[in-house]
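Heads up, the thing below is written out as structure tokens.
Note that the structure is predicted; figures quoted are calculated from it, not measured. In listed order, ligands and their atoms are each counted from 1. Computation of the quantities below employed the complete heavy-atom set of this structure, encompassing side-chain atoms and omitting hydrogens, waters and symmetry-equivalent molecules.
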Amino acid sequence: MLEAGSDFVSGNDLAALLEISRVSVWSHLEKLKDDGFEFEALRNKGYRLKKTPSFIHPDLLNAYLWNNNTSLPVIYLEEIDSTNSETERQLANNHSTPFAVITGKQSKGRGRHGRVWYAEDRGNAYISLGFKPNFSPDLIRSFTPWIATELCHNLVLKYHIPLKIKWPNDLMIYGKKVCGMLAESRIDMDGIRDIVLGVGINISGNPETWPEELQQKATSLEAACKCSFNINEMVAYILSIMLNAYNQFINNTWRIAFEKNWPHYDILYNKEVNGFHGRMPVEGIAKGITEEGSLRLLLKNGKIELLDAGELSLSEPINNKLKIEHNV
Ligand code: BTN
């Protein structure tokens, strides 16, 4: 029915395809209604899909992945402490890679710099991918800026939304954060053992129900764009982008697209920024990033300092609405 779009699919065709009776088709559809699906049924025409669930539905997600030609095992959990922790546990149990762990609710979501990632809103998606890559640990710093660039670029192209990237890997909309990434890796003498790439993306969550402090700096795509998104289709799309981006990274075919696309989305470019680099206060004008993922900061003394993923904030808030035009 997803493939048929707005066309009807006959009960006979569905029954033949699934090798079940027409009555069974009907009773399966009735069950799916309890999960938030809505179907239109017309005598002599059959069924068509009218509405899909507004929360992550693992079967629907798999159907969209299949439509995207993405082959990725997905472990879906109604609720979990943290998808990054679950991915680590799966990797410790030798789960074959790559694979994804997805939930709509985390009780102990982790953010960067040891922060807590608020993950109570089921309209959002909390995703981790487990990889066993074969690249040098030196490249890890550019891994998440690259994934963020691909995610941003492809979401902008498909959904025409004014996303930006705040170094090193936050996705922003109208100056507020909608997506954060946390990559955790185990490295030993032989190199990288595994990487867990966690992404939290606020899709249809309602910021009004979030803690006050969070509402000041974060939002959801639906709240910011005042429109609705099909969460299962979007999550499947995000998974396929991340998997493609990962493959480009390990095949070393990512650099040209990275150099071309990062500047389009760089929200900090030419902005005065201040904050901390480790424990050192820093202040300067952001001048893009290096291929290694470090931020170029023009200091008051005219020198360029390269910053690793420290914490930066803007000296003045950005009116992102005025900046949309330099999205591609
Ligand atoms: C950040 O601080 O911006 C990074 C946030 C990363 C959150 C995601 S949600 C899915 C995955 N599981 C976690 O516990 N954290 C990451």
Side-chain angles (χ1 to χ4, degrees), residues 55-56 58 61 72 74-92 95 98-131 140-141 143-149 151-152 163-173 175-186 194-205 207 210-211 213-221 231 234-235 238-239 241-243 246 265 267-268 275-276 293 295 308-314:
F55 303 113
I56 297 169
L61 179 62
L72 180 73
V74 171
I75 301 170
Y76 171 77
L77 300 154
E78 283 268 319
E79 186 175 344
I80 189 73
D81 51 354
S82 146
T83 53
N84 270 29
S85 304
E86 180 57 24
T87 305
E88 277 164 22
R89 293 188 284 265
Q90 295 287 344
L91 284 167
H95 195 293
F99 66 94
V101 176
I102 300 183
T103 190
K105 193 169 182 192
Q106 292 182 130
S107 53
K108 285 192 186 146
R110 294 203 295 274
R112 293 173 54 237
H113 304 288
R115 286 188 294 242
V116 170
W117 180 260
Y118 176 81
E120 294 282 317
D121 202 322
R122 285 185 183 275
N124 300 331
Y126 313 110
I127 305 168
S128 296
L129 291 173
F131 298 118
I140 279 192
R141 272 185 300 145
F143 182 58
T144 53
W146 159 245
I147 302 283
T149 307
L151 210 49
C152 183
L163 286 174
K164 297 276 179 191
I165 309 174
K166 183 168 167 237
W167 179 81
N169 48 43
D170 291 346
L171 298 195
M172 315 285 290
I173 195 159
K176 287 191 173 178
K177 180 161 165 174
V178 277
C179 174
M181 277 180 208
L182 175 68
E184 297 175 304
S185 52
R186 287 191 297 172
D194 44 49
I195 291 190
V196 175
L197 174 63
V199 177
I201 178 152
N202 303 332
I203 298 176
S204 54
W210 302 352
E213 194 201 330
L214 195 60
Q215 291 184 32
Q216 307 301 318
K217 5 182 223 200
T219 186
S220 72
L221 291 174
I231 186 169
M234 187 180 269
V235 171
I238 288 171
L239 288 173
I241 296 165
M242 288 182 16
L243 195 59
Y246 170 76
Y265 302 106
I267 202 173
L268 294 182
F276 286 88
L295 184 81
D308 293 342
E311 263 315 282
L312 283 181
S313 56
L314 289 160

Which atoms of ligand 1 have any heavy atom of [X] under 4.0 Å away?
X: Lys177; result: 1 (C), 3 (O)
X: Gly109; result: 14 (O)
X: Arg112; result: 1 (C), 2 (O), 4 (C)
X: Ile127; result: 10 (C)
X: Thr83; result: 10 (C), 11 (C), 12 (N)
X: Asp170; result: 3 (O)

**OP:** Look at atom 5 (C) of ligand 1 and say which protein heavy atom is nearest, naming residue and atom and giving the distance to 0.1 Å.
**Re:** Trp117 CE3, 3.3 Å
Original post:
What residue and atom, counting heavy atoms only, is the protein's closest point to atom 8 (C) of ligand 1, and at what distance?
Top reply: Gly200 N, 3.6 Å
Do the side chains of [Y] and [X] get nearer than 4.5 Å, heavy atoms only?
X: Ile231; Y: Ile56; value: yes
X: Arg112; Y: Pro168; value: yes
X: Glu88; Y: Ser128; value: no
X: Met172; Y: Lys217; value: no

Original post:
Looking only at distance, does Tyr126 have an N or O less than 3.5 Å from an N or O of ligand 1?
Top reply: no
Subject >> Test of proximity, Ser82 against ligand 1: N or O pairs below 3.5 Å >> reply: yes
Original post:
For Leu221, which of Asn202, Ile173, Leu171, Asn124 qualifies under side chain to side chain contact (heavy atoms under 4.5 Å, CB included)?
Top reply: Ile173
Original post:
Is there a side chain to side chain contact (heavy atoms under 4.5 Å, CB included) between Leu129 and Leu239 once you walk through the steps?
Top reply: CA-CA 9 Å; Leu129 291 173; Leu239 288 173; 4.0 Å; yes
Original post:
Is Ala119 in contact with ligand 1, taking contact as a heavy-atom separation below 4.0 Å?
Top reply: no
Subject >> Options Arg115, Lys108, Met181, Arg110, ranked by nearest heavy atom to atom 14 (O) of ligand 1, top entry >> reply: Arg110
Original post:
Do the ring planes of Phe143 and Phe131 sit parallel (below 30°), tilted (30 to 60°) or perpendicular (above 60°)?
Top reply: perpendicular
Original post:
Can Asp81 and Arg89 be said to form a salt bridge (charged side-chain N to carboxylate O under 4.0 Å, His left out), step by step?
Top reply: CA-CA 12 Å; Asp81 51 354; Arg89 293 188 284 265; 2.9 Å; yes
